[in-house]
Amino acid sequence: MTKDGRNRIIWIDQVRSIAILLVIIGHVALPKNVKSLIYSFHMPLFFIISGFTINRSKLETVDVGEYVVHQIKHLVIPYFWMCFLMYPFWFFTYHFITNGTKLTTAKAFWGILIGNSSILGSPSNALWFVLTLFLANLLFLFLCRLAKGNEAVLPGLVVLCGIIGYLDEGRAQLWHFNVAFTAVVFLYIGTCFMRWYRGEGKNWLEKRSRWMGICAAALFIGYISHRMNGRISLTANKYGHSILLFYITALAFSSVIVLLVMKLPQIKIVSYIGRNTLLYVGIHIPVLRVFEKLFPGILSQYRFSIPFAFVLYFGLAVACALCNTLAPYVCGKKPVVNTWKHKAVKVLLVAFGAAVPYMKVLKVLNLWSFEIGAVSFRMMVLLGLSCLFVFLTERYLPIIYLEERE
């Protein structure tokens, strides 16, 4: 499988796409053993894929300040945008459809800042991955600089990080920074695989008996080690009965997915989703929970929940297309143009995300009323405030739209 017109390696996008499908399936109603199997490798697979795109040689020479800013723009800013925009979905799900949470509006916003639902919930819990990847990328940069190109030193530093991550097992930390130490191990493995693949690996894997043999052996090893290790949860920094079995299981099943998808022909919708998985990570759980709460008797049944996961997988591609066209900064992509249409979308997005806190403030001030005229007036005020916010941020804080100050 070759590169596309954007110089992207197609099979990497398709592996990423299958990984996000596994994430979505893992969040619907499933038999416990199936869910446990998916959880044993789906997030490590995502970190390995991220390692595929890292150039260790460039990390040794890149300007640290520029690299940090780049990571903030493409990971941290989208994190806050998606949390902000998913807040109304969360509020509607748990305060209107059901009364299933004690999490207040204020606490939900604190949860966004803390970035760890084990400490305090937030509108989109799956976004922990984005913050952890941000920290892991910075940590891996530090390790590469510390190793100074010495290929004998870097593996030792990576192993040390893995040990640190394990020593803090089960503890909930800000932005999951302890999980970032474990994630670095998978980033490193991803970079090693791509170095080998770009060298002799691509030709070596051309022989069907080789990659099929690896897949068969990895499936067997992964299944046995998973059964021995039990349920793991990377987001909770829990690795089962054995950290060694955790790594064996994650690498075994991840290698099967990578090798199988690598041999697939290009499927345009699959590769498109793979180029937009950041948005999927942020919005699939809030959207899924709305439907689960609206139709609990249906989506709690496996025969409906699993097909619905596929519907969500393909359906969210529409949201990606709209976001890429009208608000690319939400998913970490720099906008090409900034027309009046794009400015209007900014205003609408700000008003949508701020609607619930705005109403809460009005209720506290005893200014809220359900009369049509009063509601219309207050919504016009919200739009006016949103216009002012967009005007000021475009002028003084354009980085939140991934734009440069004029």
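Numbers for residues simply follow the sequence, beginning at 1. Excluded from the calculations below are hydrogen atoms, water molecules and symmetry mates; all remaining heavy atoms, backbone and side chain alike, are included.
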Next on the checklist: Can a donor-acceptor pair be found, under 3.5 Å and without considering hydrogens, that links the side chain of Asn276 to the backbone of Tyr272?
Outcome noted: yes
Checklist entry - Under the 3.5 angstrom rule, does the side chain of Gln266 hit a backbone N or O of Ser271 as a donor-acceptor pair? => result no
Checklist entry - Can you check side-chain contact (heavy atoms from CB on, under 4.5 Å) on Phe389 and Leu397, steps first, answer last? => result CA-CA 10 Å; Phe389 177 86; Leu397 198 62; over 6 Å; no
Checklist entry - Any side-chain heavy atom of Leu174 sitting closer than 4.5 Å to one from Asn116? => result no
Checklist entry - Who pairs with Tyr313 by side chain to side chain donor-acceptor pair (under 3.5 Å), at least two apart in sequence or on another chain? => result Ser17
Checklist entry - Short question: side chain of Arg16, backbone of Arg275 - any donor-acceptor pair under 3.5 Å? => result no
Checklist outcome for this item: Heavy-atom nearest pair, Val356 first then Pro88, reads CG2-CA, 4.4 Å
Next on the checklist: Among Tyr166, Tyr239, Phe41, exactly one meets ring-ring contact (aromatic ring centres under 6.0 Å, His included) together with Phe246. Which residue is that?
Outcome noted: Tyr239
Checklist entry - What heavy-atom pair brings Ala309 and Ile25 nearest, and what distance separates the two atoms? => result CB-CG1, 3.9 Å
Checklist entry - So, His42 side chain and Ile38 main chain: donor-acceptor pair closer than 3.5 Å or not? => result yes
Next on the checklist: Closer than 3.5 angstrom, by distance alone: can the side chain of Lys35 be matched with the main-chain N or O of Gly26 as a donor-acceptor pair?
Outcome noted: yes
Next on the checklist: Within the structure provided, determine whether Val330 and Leu349 are in side-chain contact (heavy-atom separation under 4.5 Å).
Outcome noted: yes
Next on the checklist: Can you tell me how the ring of Phe193 sits relative to the ring of Trp11, calling it parallel under 30°, perpendicular over 60° and tilted otherwise?
Outcome noted: perpendicular
Checklist entry - Taking only residues two or more places apart in sequence or in another chain, which ones pass side chain to side chain donor-acceptor pair (under 3.5 Å) with Gln301? => result Arg303
Checklist entry - Can Thr191 and Arg56 be counted as having a side-chain donor-acceptor contact under 3.5 angstrom? => result yes
Checklist entry - So, His74 side chain and Lys334 main chain: donor-acceptor pair closer than 3.5 Å or not? => result no
Next on the checklist: Tell me the closest heavy-atom pair linking Ala29 and Ile306, and the distance in Å.
Outcome noted: O-CG1, 4.4 Å
Checklist entry - Distance under 6.0 Å and angle within 45° of the ring axis: does Arg231 meet both against Tyr39? => result yes
Checklist entry - Shortest non-hydrogen contact from Gly115 to Leu131? => result CA-CD1, 3.8 Å
Item to check | Check: Leu157 and Phe142 side chains under 4.5 Å, non-hydrogen atoms | outcome: no
Checklist entry - How are the rings of Tyr329 and Trp81 set to each other: parallel, tilted or perpendicular (split at 30° and 60°)? => result tilted
Checklist entry - Which residues satisfy the ring pair (Phe, Tyr, Trp, His ring centres under 6.0 Å) test with Phe47, sequence neighbours excluded? => result Phe129
Checklist entry - Any side-chain heavy atom of Ile9 within less than 4.5 Å of one from Arg198? => result yes
Next on the checklist: Minimum heavy-atom separation for Ser225 and Thr249, please, with both atom names.
Outcome noted: OG-OG1, 2.7 Å
Item to check | Qualifying residue for side chain to side chain contact (heavy atoms under 4.5 Å, CB included) with Pro78, from Ile72, Leu402, Leu278 | outcome: Leu278
Checklist entry - Does Asn237 offer a backbone N or O that forms a donor-acceptor pair with the side chain of Asn178 under 3.5 Å? => result no
Item to check | Phe253 and Tyr223 aromatic centres sub-6.0 Å | outcome: no
Checklist entry - Of Phe80, Phe109, Phe92, which meets ring-ring contact (aromatic ring centres under 6.0 Å, His included) against Tyr87? => result Phe109
Checklist entry - Do any N or O atoms from the side chain of Asn229 and from the backbone of His241 form a donor-acceptor pair under 3.5 angstrom? => result yes
Checklist entry - Would you find a donor on one side and an acceptor on the other, under 3.5 Å apart, between the side chain of Ser36 and the backbone of Lys32? => result no
Checklist entry - Got a donor-acceptor contact below 3.5 angstrom from the Glu403 side chain to the Pro335 backbone? => result no
Checklist entry - If you look at every heavy atom in Gly149 and Glu60, which pair is closest and at what distance? => result CA-OE2, 3.4 Å
Checklist entry - Is there a side chain to side chain donor-acceptor pair (under 3.5 Å) between Asn137 and Gln71 once you walk through the steps? => result CA-CA 8 Å; Asn137 283 341; Gln71 294 297 313; 2.8 Å; yes
